[in-house]
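Step one of this worksheet: look at the structure below.
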Amino acid sequence: MKIAFAGLDIPVEICRRGVTILQVKNEALFARICHSLLSFKGDEAVEPYSIWDDEGCEMKAASALLVIANPFELPWRHRSLMGSLHGRLEQELLVDEEMRLRIQELGLALASSVHELGFQLNANYGFSVEWNLSSYLKAFSYEVEVPETASLLDNILSFIDLGADMAIDKAFVFINLRTFLTKNDMIALQERLFFHGMSALLLEGNPIVPHMDAVRKYVIDQDFVEFVFEGQAACSSPSQGRFCSNGFGAVTF
């Protein structure tokens, strides 16, 4: 996946598995990029951009990215995540015949007990909706549990696990996440993303410590000069090295 910003000559390629870093040192440009990604407006945003998949087809921003401005308030109940939860459990239930029979028996036992209570009333009563797993999950608000005492890193890793469970086909975009992560935290984040085959773009405006070798890093300095540093295990690409955009195209050093 690539994000092409109108004001930048080099498109930002997000690795399929792991972390990509985009560091924007110019404060005004950083603010515009953050505003634009959070708006999901694409070429109509403050800093216009377009998103392209690996086959060269343009993608809608809302279907390609999940932008997280505050890592302390992760969007656990985002519709692209929770909207798939019930369906995912129903799929698992179809595969596990023993579990399906057990749940059906429990459902029948519950319905029978409620009917017995109804016999004590004068009119006739019954269920108007046939019992199924989805109805049960909705009735009792079955959703992801967010530990209140977990660390920031643990919550982020759990959030990535949730995305993997729901088979989300989006890249996570974290804004200034490196402010709160140590080098070991970054390694854990990279490993979890790589394990699940997921990707994340870290959009950074603050100075950051040296990153891991496996991370691709884009840097736009105060003068809007662009550099690309690629790690040993970065995205597969025919070009490796450092690039500079100075208004006359990309130059390899």
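None of these values were measured; they are calculated from a predicted model. The first residue in the sequence is number 1, and the count goes up from there.
- With hydrogens and angles ignored, the 3.5 Å screen pairs a side-chain donor or acceptor of D54 with a backbone N or O of M1.
- The residues R88 and E92 are annotated as salt-bridged, a charged nitrogen and a carboxylate oxygen being separated by less than 4.0 angstrom.
- At least one side-chain heavy atom of I3 sits less than 4.5 Å from a side-chain heavy atom of L65.
- Both L89 and F140 are part of a single hydrophobic cluster, where members link through side-chain heavy atoms under 4.5 Å apart.
- Below 30°, between 30° and 60°, or above 60°: for F159 and W76 the angle between ring planes is above 60°, a perpendicular geometry.
- In this structure a side-chain-to-backbone donor-acceptor pair under 3.5 Å is present from T20 to C15.
- Side-chain contact check for H78 versus M166: every heavy-atom pair is 4.5 Å or farther apart.
- Between the OG atom in S63 and the CG atom in D53 there is a gap of 9.5 Å [rounded to 0.5 Å].
- Under the 4.5 Å side-chain contact rule for hydrophobic residues, V24 and I10 share a cluster.
- In terms of heavy-atom proximity, Y142 sits nearest to H86 at O-NE2, 3.8 Å.
- Side-chain N or O atoms of Q190 include one that pairs as donor or acceptor with a backbone N or O of V19 at under 3.5 Å.
- Considering all non-hydrogen atoms of both residues, G163 and M198 come closest at C-CE, 3.9 Å.
- Summarising the geometry, atom CG belonging to N176 is positioned 13.5 Å from atom CD1 belonging to I68; distances are rounded to the nearest 0.5 Å.
- For Y49 against K41, the heavy-atom pair with the smallest separation is OH-N, 3.7 Å.
- Proximity of L162 to M82: side-chain heavy atoms (C-beta onward) are separated by under 4.5 Å at one or more points.
- There is a side-chain donor-acceptor pair under 3.5 Å between D185 and T182.
- Between P71 and L177 the shortest heavy-atom distance is CB-CD1, 3.7 Å.
- At distances below 3.5 Å, at least one donor-acceptor pair connects side-chain atoms of E47 with backbone N or O atoms of G7.
- Going from atom CD1 of I187 over to atom CZ of R192 covers 14.0 Å, rounded to the nearest 0.5 Å.
- L137 and V146 fall within a single hydrophobic cluster, where Ile, Leu, Val, Met, Phe, Trp and Tyr are joined by side-chain heavy atoms under 4.5 Å apart, directly or via other members.
- Using a 4.5 Å heavy-atom threshold, the side chains of S39 and V46 count as separate.
- Counting heavy atoms from C-beta on, the side chains of L22 and F30 never come closer than 4.5 Å.
- Of the possible donor and acceptor atoms, one in the side chain of S158 sits under 3.5 Å from a partner among the backbone N and O of D154.
- Put simply, the side chain of N26 gets close to the backbone of L29: a donor and an acceptor are under 3.5 Å apart.
- With R100 contributing its side chain and I103 its backbone, the two residues share no donor-acceptor pair below 3.5 Å.
- Counting heavy atoms from C-beta outward, V219 and K25 have side chains that approach closer than 4.5 Å.
- Using a distance-only test at 3.5 Å, with no hydrogens or angles considered, no donor-acceptor pair links the side chain of N155 to the main chain of F72.
- Note: L157 CG to L193 CG = 8.5 Å, rounded to the nearest 0.5 Å.
- Among all heavy-atom pairs drawn from P75 and L81, the shortest one is O-CD1, 3.6 Å.
- Note on W52 and L8: separate hydrophobic clusters, where clusters join Ile, Leu, Val, Met, Phe, Trp and Tyr whose side-chain heavy atoms are under 4.5 Å apart, directly or indirectly.
- The side-chain heavy atoms of F174 and L74, taken from C-beta on, include a pair separated by under 4.5 Å.
- Side-chain atoms of E143 do not come within 3.5 Å of backbone N or O of R77 as any donor-acceptor pair.
- Side-chain contact check for E226 versus V228: every heavy-atom pair is 4.5 Å or farther apart.
- Heavy atoms of other residues, nucleotides or ligands lying less than 6.0 angstrom from CZ of F40 number more than 12.
- One N or O on the side chain of Y218 and one on the backbone of E13 form a donor-acceptor pair closer than 3.5 Å.
- Taking CG from L93 and CD from Q104, the interatomic distance works out to 7.5 Å, rounded to the nearest 0.5 Å.
- Put simply, F180 and I21 are part of the same group of oily side chains (I, L, V, M, F, W, Y) that touch within less than 4.5 Å, one to the next.
- In the displayed structure, H35 atom NE2 is contacted under 6.0 Å by at most 12 heavy atoms of other residues, nucleotides or ligands.
- Atom CG in D43 sits 11.0 Å away from atom CD1 in I51 (nearest 0.5 Å).
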